[in-house]
S.K.: 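This structure is in structure tokens; I'll ask about it shortly.
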Amino acid sequence: MAAADRRIERLISLADQHGADTDEPDHTVGDLQDMLRAAYAIMSPDQRDVFCSSSAVLSLLDVSDETL
């Protein structure tokens with residue numbers, strides 16, 4: 001696994017642990033939301049377009065009947 005992959009998995013694990021430590025799963029979700037917003041903020045417009053057309057985003061849009 002590449003170093004970047006280990007880092008993101010570690011961050012996800014830390015968010016999970018925060019939720020478990022506080023008995024508040026909302027902390028996990030909040031941590032992940034904060035990290036996603038931070039990542040999106042530093043993306044270039046082209047990177048944002050690639051992200052928004054990724055299979056992960058498109059599958060979420062499919063189940064919600066939403067568009068971006």
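Being a predicted model, the structure only gives us computed values, none of them experimental.
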S.K.: Heavy atoms only: give me the nearest I42-Q47 pair and the separation to one decimal.
M.R.: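 Taking I42 first and Q47 second, the nearest heavy atoms are O-OE1, 4.3 Å.
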S.K.: Quick check for you: to the nearest 0.5 Å, what is the distance between D49 atom CG and M43 atom CE?
M.R.: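 Between atom CG of D49 and atom CE of M43 there are 10.5 Å.
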S.K.: Quick check for you: to the nearest 0.5 Å, what is the distance between D5 atom CG and R10 atom CZ?
M.R.: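 Separation between the atoms: 15.5 Å.
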S.K.: Hydrophobic clusters here meaning ILVMFWY residues chained together by side-chain heavy-atom distances under 4.5 Å, can you tell me if V50 and L68 are in one?
M.R.: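 Shared cluster, no.
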S.K.: Atom CZ in R7, atom CD1 in I12: separation rounded to 0.5 Å?
M.R.: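 It comes to 13.0 Å.
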S.K.: Flag yes if L61 and L36 sit in one hydrophobic cluster, no otherwise; membership is Ile, Leu, Val, Met, Phe, Trp, Tyr, and two members link when side-chain heavy atoms are under 4.5 Å apart.
M.R.: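 In one cluster with L61: L36, yes.
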S.K.: Is there a continuous path of hydrophobic side-chain contacts, each under 4.5 Å between heavy atoms, that joins L32 to I8?
M.R.: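 Hydrophobic grouping puts L32 with I8.
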S.K.: Taking the side chain as every heavy atom from C-beta outward, state whether D31 and L14 have any atom pair closer than 4.5 Å.
M.R.: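 Result no, sub-4.5 Å side-chain heavy-atom pair not found.
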S.K.: Can you tell me how far apart CG (L58) and OG1 (T67) are? Round to the nearest 0.5 Å.
M.R.: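 The OG1 atom of T67 is 11.5 Å from CG of L58, to the nearest 0.5 Å.
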S.K.: Give me the ring orientation class for F51 and Y40: parallel if the planes are under 30° apart, tilted from 30 to 60°, perpendicular past 60°.
M.R.: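 The rings of F51 and Y40 stand perpendicular, inter-plane angle above 60°.
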S.K.: Would you check if the side chain of S59 reaches a backbone N or O of S55 as a donor-acceptor pair within less than 3.5 Å?
M.R.: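 Answer holds: yes.
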S.K.: Identify the heavy atoms of R48 and A41 that sit nearest to each other, and give their distance.
M.R.: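 In this case the closest contact between R48 and A41 is NH2-O, 3.4 Å.
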